[in-house]
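Worksheet for the structure shown next.
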Amino acid sequence: MKRPRWKIAVACFAPLALGLLLMKRSGLLERTNVAQTSPDHHDPLLRTRHFNSDLQTVSAAVQSTLASMSTYGRDWKTRQIRRDAGAVTFTSEVPVLMFIDDFTVTLQHSGDGTLCDVRSAARVGKGDLGENRRHVLQFLHAL
């Protein structure tokens with residue numbers, strides 16, 4: 001017995017459509033090449049972190065964490081550490097296959113601790129298939 005063509009089409013394309021829907025809901029299909037934390041981000045995983053430690057302690061932890069990070073078997077490289085009154089900014093490069101993404105961690109003294117914001121941005125292209133979001137989440141998890 002022969003199956004109708006429409007049933008074959010549904011059987012073939014339904015998983016594809018479901019996959020695209022899940023990718024859209026997770027943010028992987030967003031046409032952006034930047035991911036960053038903010039205090040009121042719609043994604044709870046990408047909200048500014050607050051640590052109940054002083055700026056110097058969190059700064060040492062960030063420096064240590066950045067030194068231990070790697071992507072696709074290649075180490076992240078910290079290029080600059082800038083200290084201002086009540087703030088520290090770490091600028092790093094993240095290797096992604098043939099490209100380099102820019103990664104920035106900004107720490108700011110808060111009344112009862114330290115605020116941490118993270119930003120990852122691709123140097124090339126208009127979309128990154130969620131790679132920068134993965135960098136941010138990988139770093140925050142390690143920290």
Side-chain angles (χ1 to χ4, degrees), residues 3 5-143:
R3 290 178 93 180
R5 287 186 183 188
W6 69 269
K7 287 186 178 181
I8 295 171
V10 168
C12 291
F13 293 109
L16 176 64
L18 180 62
L20 288 172
L21 177 65
L22 291 174
M23 287 175 69
K24 180 160 179 53
R25 290 192 73 198
S26 68
L28 291 178
L29 292 181
E30 291 180 19
R31 298 271 304 164
T32 181
N33 62 355
V34 176
Q36 62 188 16
T37 59
S38 66
D40 56 351
H41 201 286
H42 70 276
D43 182 350
L45 295 174
L46 293 177
R47 292 202 180 128
T48 299
R49 299 301 197 268
H50 180 269
F51 297 102
N52 292 325
S53 297
D54 62 289
L55 184 63
Q56 186 176 0
T57 303
V58 178
S59 179
V62 166
Q63 193 165 2
S64 173
T65 302
L66 285 171
S68 70
M69 301 296 291
S70 68
T71 305
Y72 303 111
R74 295 170 53 205
D75 295 336
W76 295 17
K77 294 177 176 56
T78 300
R79 295 293 181 207
Q80 181 182 22
I81 301 172
R82 191 177 71 235
R83 289 175 168 77
D84 296 323
V88 180
T89 303
F90 297 85
T91 305
S92 301
E93 292 180 347
V94 179
V96 182
L97 301 176
M98 301 180 302
F99 305 103
I100 300 290
D101 289 345
D102 293 315
F103 192 82
T104 305
V105 180
T106 304
L107 303 176
Q108 189 167 5
H109 174 71
S110 170
D112 59 343
T114 303
L115 297 175
C116 176
D117 276 308
V118 182
R119 181 178 195 274
S120 182
R123 292 180 180 177
V124 178
K126 293 182 181 178
D128 67 357
L129 295 176
E131 192 68 34
N132 286 298
R133 183 178 188 275
R134 282 189 290 277
H135 297 327
V136 170
L137 295 178
Q138 178 185 0
F139 171 78
L140 290 173
H141 180 73
L143 183 62

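The structure presented is a predicted model; accordingly, all values stated were derived computationally and were not measured.
- In this structure, I100 CD1 and S92 OG are separated by 11.5 Å, a value rounded to the nearest 0.5 Å.
- Looking only at distances, a side-chain donor or acceptor of T114 sits under 3.5 Å from a matching main-chain atom of S53.
- You'll find the side chain of L143 stays beyond 4.5 Å of the side chain of R49, heavy atoms only.
- Residues E93 and R123 are paired through a salt bridge, judged by an N-O separation under 4.0 Å between the basic side chain and the carboxylate.
- In this structure the side chain of Q63 never reaches within 4.5 angstrom of the side chain of T78, judged on heavy atoms.
- To the nearest 0.5 angstrom, Q108 atom CD is 10.0 Å from D84 atom CG.
- Side-chain atoms of D117 and T48 form a donor-acceptor pair, as typed in the model, at a separation below 3.5 Å.
- P95 and Y72 get closest at one heavy-atom pair: O-CD1, 4.2 Å.
- Of all heavy-atom pairs between S120 and H135, the closest is OG-CD2, 3.2 Å.
- Listed for the D102 side chain is no donor-acceptor partner under 3.5 Å among the backbone atoms of A121.
- Counting only heavy atoms from C-beta outward, the side chains of T71 and E131 approach each other to under 4.5 Å.
- In this structure, the side chain of R83 does not engage the main chain of V88 through any donor-acceptor pair within 3.5 Å.
- Nearest heavy-atom pair across M69 and A142 is SD-CB, 3.8 Å.
- Of the candidates L115, L107, V105, V58 forms a side chain to side chain contact (heavy atoms under 4.5 Å, CB included) with just one, namely L107.
- Nearest heavy atom pair, residue R133 against residue L45, reads NH2-CD1, 3.8 Å.
- D54 contributes atom CG, which lies 12.5 Å from atom OG of S110 (distance to the nearest 0.5 angstrom).
- The distance from the CZ atom of R119 to the OG1 atom of T37 is 10.5 Å, given to the nearest 0.5 Å.
- In this pair, W76 and F139 present their aromatic rings parallel. The plane angle is below 30°, not in the 30 to 60° band.
- Taken to the nearest 0.5 Å, the CZ atom of R47 stands 15.5 Å off from the NE2 atom of H50.
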**Message:** If you apply the rule side chain to side chain contact (heavy atoms under 4.5 Å, CB included), what do you find for N132 with V34, and how did you get there?
**Reply:** CA-CA 6 Å; N132 286 298; V34 176; 5.9 Å; no
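- Atom CD1 of I81 is separated from atom CG of L66 by 8.0 Å, given to the nearest 0.5 angstrom.
- Inter-residue side-chain proximity for F51 and T57 is flagged as unmet; no heavy-atom pair is nearer than 4.5 Å.
- Among all heavy-atom pairs drawn from S70 and Q138, the shortest one is O-NE2, 3.1 Å.
- Taking each heavy atom of D101 and A122 in turn, the nearest pair found is OD1-CA, 3.2 Å.
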